[in-house]
Amino acid sequence: MAAFGSVFMPEMALSQFENNAWSDAEIVSSDSIQLHPGAHVLHYSSTCFEGLKAFKHQDGSVHVFRMDQNVNRFDQSSQLLHLPQIDQTRVSDMILQILAKYIDDIPEPPGSMYIRPTHIGTEAAIGKAAAPSLSSMLYVLISPVGDYFAGGAKPLRILLDETGMRCAPHMGMIKSGGNYASALGPILKAKQQVQADQILFCPNGDVQETGAANFLLIDGNEIITKALDSSFLHGVTRSSILQIAADLGMRVSERDLTVTELLERAAKPNVEAALAGTAAVLTSVGTLIHNDKEYQVGTGELGPTTQKLRQALNDIQWGKAPDNHNWLTQVK
Ligand SMILES: *Cc1c(COP(=O)(O)O)cnc(C)c1O
């Protein structure tokens, strides 16, 4: 099967900001865009994106999961990067418009349509290293995706890194391209040197997140994760899982977690660790690697609570459980 995110529908929704105004959204070919080689984004990384999904229900209807949260974060990223101000309603309409056009192509669960809104600075101005782009392009790409765990979900090996950082601390809550390039060097090194799947960035012992997912520790009936601050990405999956955990009667602790506490707790048999993000939902962490030592998390296997929480989230997304928090927007 094709790799996640490598297949695109032939068209996308696009709007451009020029002369202080957004153009009407158009449906255009998704094969290429035209960009000046001096475009601001190509030199000064004025770029942000979103990742969300639309799901097909048994009755054939299609629903976007937590679109308002993602569009709000897209707005926040655009503002923090000093890109032109987006209009949240118009972006939501673009998402619904392109999905409606390809409604027959939305995969059945466990597949979905992955949605990738993207906003880039297009002004041809290589002298603007310290000034914002006055023009921009915003498009919504869609990509049908299958079961992330088609090959079977196996617990991940994670390297704890206390010295490096994923990105500059004031960039953490912005979903922006440069942050992923920034984390790539350490991640590739960890893959090569200790066969880790991911790095969990823990600057000065503070457990933060991996390259593209939030970290959750489950200890019996308690779920522990770092409280929101500007240093890391505020995942929609993270907040949804915390809400579901609270609904199921679990104790939710949003607070700082140190590497020392994490390693102590990981040794207990009923402890689980998981990564949360839109692409893979919730993935179990089986092994933590720290200072050349390996620590098994709980049993080292896929945790039952992790599986229960993932299923509960999927059940809402797939229309098999009531949408009590109004997380779904139907595509008409
Ligand atoms: C996208 C992302 C997440 C997860 O966010 P979701 O909204 O749950 O998909 C977490 N961390 C980083 C760095 C991300 O880019």
Side-chain angles (χ1 to χ4, degrees), residues 4-5 45 47-55 64-78 80-81 91 95 112-119 140-143 145 148 156 158 161 164-187 190 197-203 206-217 223 225-245 254 257 273-283 285 306 309-310 312-314 316-317 325 327-329:
F4 184 96
S45 293
T47 171
C48 59
F49 67 92
E50 270 306 321
L52 63 163
K53 283 175 173 173
F55 298 90
V64 190
F65 185 69
R66 303 203 75 175
M67 181 168 71
D68 56 333
Q69 291 289 308
N70 285 274
V71 172
N72 190 55
R73 191 171 66 189
F74 195 43
D75 188 359
Q76 179 180 280
S77 293
S78 297
L80 291 168
L81 292 167
V91 174
I95 292 171
S112 60
M113 188 67 87
Y114 184 80
I115 307 158
R116 174 53 66 91
T118 307
H119 189 195
V140 180
L141 266 174
I142 55 174
S143 167
V145 295
Y148 202 87
L156 301 175
I158 302 286
D161 180 341
M165 273 189 228
R166 176 182 164 255
C167 62
H170 68 289
M171 293 289 289
M173 64 194 281
I174 313 177
K175 214 166 172 72
S176 182
N179 287 346
Y180 304 86
S182 156
L184 204 49
I187 292 171
D197 296 299
Q198 293 281 342
I199 288 188
L200 180 55
F201 291 96
C202 311
D206 175 37
V207 177
Q208 233 169 30
E209 65 170 333
T210 63
N214 294 123
F215 180 79
L216 305 171
L217 185 68
I223 184 162
T225 194
K226 187 171 171 61
L228 297 180
D229 68 22
S230 62
S231 70
F232 74 104
L233 209 283
H234 303 175
V236 176
T237 312
R238 170 192 176 282
S239 91
S240 307
I241 290 289
L242 294 184
Q243 181 65 58
I244 289 168
E254 293 185 72
L257 175 68
L275 300 183
T278 295
V281 189
L282 260 194
T283 318
V285 174
T306 303
L309 291 168
R310 184 167 84 205
L313 178 59
N314 278 151
I316 297 169
Q317 293 172 326
H325 299 287
W327 285 345
L328 302 178
T329 304

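When a ligand or atom number is given, it counts from 1 through the structure's own listing order. Just the heavy atoms: all of them, side chains too, but no hydrogens, waters or symmetry mates, feed the values below.
A donor and an acceptor atom, one from each side chain of Gln208 and Ser231, are located under 3.5 Å apart. Checked by atom type, the side-chain pair Asn314/Gln317 shows a donor-acceptor distance below 3.5 Å.
The closest approach between Phe232 and ligand 1 stays at or above 4.0 Å for every heavy atom of the residue. At least one heavy atom of Gly211 sits closer than 4.0 Å to an atom of ligand 1.
Ligand-side atoms of ligand 1 in range of Val236: 6 (P), 7 (O), 8 (O), range being under 4.0 angstrom from any heavy atom. Residue Ala213 has at least one heavy-atom neighbour below 4.0 Å for each of these atoms of ligand 1: 10 (C), 11 (N), 12 (C). Taking every heavy atom of Thr278 and a limit of under 4.0 angstrom, the matching atoms of ligand 1 come to 6 (P), 7 (O), 8 (O), 9 (O).
At least one N or O atom of Lys175 sits closer than 3.5 Å to an N or O atom of ligand 1. Checked against a 3.5 angstrom limit, the closest N/O atoms of Arg73 and ligand 1 fall inside it. At a 3.5 angstrom cut-off on N or O pairs, Glu209 counts as close to ligand 1. Between Gly235 and ligand 1, a contact under 3.5 Å exists for no N or O pair. Where the criterion is an N or O separation shorter than 3.5 Å, residue side chain and backbone included, Arg166 fails it with respect to ligand 1.
Counting heavy atoms only, Thr237 comes closest to atom 8 (O) of ligand 1 of the residues Leu282, Thr237, Asn70. Comparing Ala212, Gly51, Ala279 against atom 3 (C) of ligand 1, the shortest heavy-atom distance belongs to Ala212.
Partner of Leu156 under the side chain to side chain contact (heavy atoms under 4.5 Å, CB included) criterion, out of Asp197, Leu200, Thr210: Asp197 alone.
Looking at every heavy atom in both residues, Gly211 comes nearest to Phe201 through N-CE1, 4.2 Å. The minimum heavy-atom distance between Gly277 and Thr237, with the atom names listed, is C-OG1, 3.2 Å. Of all heavy-atom pairs between Thr118 and Arg116, the closest is OG1-O, 3.3 Å.
Annotation: atom 15 (O) of ligand 1 to nearest protein heavy atom, Tyr180 OH, 2.3 Å.
Proximity of Phe65 to Ser240: side-chain heavy atoms (C-beta onward) are separated by under 4.5 Å at one or more points.
The aromatic rings of Tyr180 and Phe49 are tilted relative to each other, their planes meeting at an angle between 30° and 60°.
Aromatic ring centres of Phe215 and Phe232 lie farther apart than the 6.0 Å criterion allows.
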